[in-house]
Amino acid sequence: MIKETLFGLLIPFIGTFLGSSMVFFMQNKMTDKIEKFLLGLSSGVMIAASFFSLIVPSIEMAEKQNIAAWIPPSIGIGVGFILFIIIEIIIKNLNKDIKGNIPKKKNKIFLMILAITLHNIPEGMAVGVIFSGVILKDPTISLLSAFSLSLGIAIQNIPEGAIISLPLKANGKTRFKSFLFGSLSGIVEPIGGLITLILANTMIKILPYLLSFAAGAMLFVVIDEIIPEAKNGDSSFISTIASAIGFILMMILDIALG
């Protein structure tokens, strides 16, 4: 079980790693259609993962603990949204100099890396939480459903790795340095998952809240960042179709394997 769990924690990072490696095979930027497809796929995967892999187990665990089933999801999702609203406000303030001017392109890229890295933390925690449930033998969570969540996050991490590495290359960094920075943005996921896993025994009673918190954080990223970016410009229908594909694929993974 230890080997399977450690591998499960690493799967999302592998997604970031693969996405960052696109810098070795593509020109300075992805085509608009490919980017929109990957962003749409990411949004569908994250929405399905939030519901089937996080919110539903949260409700079932709450019922087992004789807590009103709606309380943990409501609190967890709410806190997840509030935290990321605060993070976004901080990032927007950092995105201005003393005179309130828009920063140079290099600063924008740095802030994008920071934003993606920050939102990778609760994703890693989500994987850690669900594998904690497996280790603690919670009947509402299976090893296969934990792997399906981990795989779903890895899929949506692929475009994120590329979105970091490709602009860095276009801005003058070497392909290797661009790949390295893109990959490192995802290293917080296995670290966050491992810390959550270590504290699992002391967090059994708050697991329903943590699951929902992770779902709230993921939903905020989808609504606030991924969907607006995917719908911007022409060919936005591509992202809409990809969203449906991503949702269906993740739903099948979770229901069939869970």
Side-chain angles (χ1 to χ4, degrees), residues 1-19 41-62 72-73 76-77 80 116 119-161 186-200 203-204 206-222 226 243 245-258:
M1 179 63 71
I2 294 177
K3 289 182 179 179
E4 290 88 345
T5 299
L6 291 176
F7 179 65
L9 294 179
L10 284 172
I11 289 176
F13 173 69
I14 293 172
T16 305
F17 180 91
L18 291 174
L41 191 72
S42 299
S43 65
V45 166
M46 290 180 73
I47 291 170
S50 296
F51 181 74
F52 292 104
S53 297
L54 297 171
I55 296 174
V56 170
S58 171
I59 292 171
E60 293 174 347
M61 291 173 69
I77 293 171
I116 291 176
H119 98 254
N120 279 340
I121 296 173
E123 290 180 4
M125 187 192 73
V127 177
V129 166
I130 199 164
F131 273 98
S132 297
V134 173
I135 291 173
L136 294 171
K137 298 182 179 179
D138 190 288
T140 64
I141 301 175
S142 69
L143 181 62
L144 288 175
S145 67
F147 270 112
S148 70
L149 172 64
S150 191
L151 181 60
I153 293 176
I155 291 172
Q156 63 92 13
N157 279 351
I158 293 174
E160 288 180 2
I187 199 66
V188 296
E189 290 185 309
I191 292 174
L194 186 61
I195 292 173
T196 304
L197 202 62
I198 292 171
L199 298 175
M203 295 195 303
I204 182 64
I206 62 171
L207 277 177
Y209 299 92
L210 290 178
L211 286 166
S212 296
F213 167 77
M218 290 173 68
L219 289 172
F220 178 87
V221 170
V222 171
I226 297 179
S243 296
I245 294 172
F247 186 94
I248 293 169
L249 286 175
M250 188 63 203
M251 178 183 65
I252 292 172
L253 277 173
D254 203 284
I255 294 176
L257 299 180

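Only this structure's heavy atoms are used, side chains among them; waters, hydrogens and symmetry mates stay out.
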Got a second to check how far Leu9's CG is from Ile191's CD1, nearest 0.5 Å? 11.5 Å
Which pair of non-hydrogen atoms, one from Asn157 and one from Glu189, has the smallest distance, and what is that distance? ND2-OE1, 2.6 Å
Under the side chain to side chain contact (heavy atoms under 4.5 Å, CB included) test, which residues partner Ala146, sequence neighbours left out? Ile130, Phe131, Val134
Under the side-chain hydrogen bond (donor to acceptor under 3.5 Å, both in side chains) test, residues paired with Ser243 that sit two or more places apart: Ser43
Residues in side chain to side chain contact (heavy atoms under 4.5 Å, CB included) with Ile11, at least two apart? Phe7, Phe147, Ser150, Ala154
Find the distance between CD1 (Ile135) and CG (Leu143) and round it off to the nearest 0.5 Å. 9.5 Å
Using side-chain hydrogen bond (donor to acceptor under 3.5 Å, both in side chains) as the criterion, list what pairs up with Ser212, not counting sequence neighbours. Ser58
For Ile245, enumerate each residue passing the side chain to side chain contact (heavy atoms under 4.5 Å, CB included) test, keeping only those at least two apart in sequence or located in another chain. Phe37, Leu41, Ile241, Leu249
Across all chains, not counting sequence neighbours, the side chain to side chain contact (heavy atoms under 4.5 Å, CB included) partners of Phe247 are Ile47, Ala48, Phe52, Met251
Can you tell me if CZ on Phe220 sees more than 12 non-hydrogen neighbours from other groups inside 6.0 Å? yes
Gap separating the CG atom of Leu151 from the CD1 atom of Ile155, nearest 0.5 angstrom: 4.5 Å
Interatomic spacing from CG in Leu199 to CG in Leu210 - rounded to 0.5 Å: 10.0 Å
Test log, rule side chain to side chain contact (heavy atoms under 4.5 Å, CB included), inputs Val129 and Leu54: CA-CA 9 Å; Val129 166; Leu54 297 171; 5.9 Å; no
Identify the two heavy atoms, one from Thr196 and one from Gly128, that lie closest to each other, and give their separation to 0.1 Å. CG2-C, 3.9 Å
Shortest non-hydrogen contact from Val127 toward Gly8: CG1-O, 3.7 Å
Here the gap from Leu211 atom CG to Glu60 atom CD, rounded to the nearest 0.5 Å, amounts to 10.5 Å
Grab the two heavy atoms, one from Pro12 and one from Ile153, that are nearest each other, plus how far apart they are. CB-CG2, 3.8 Å
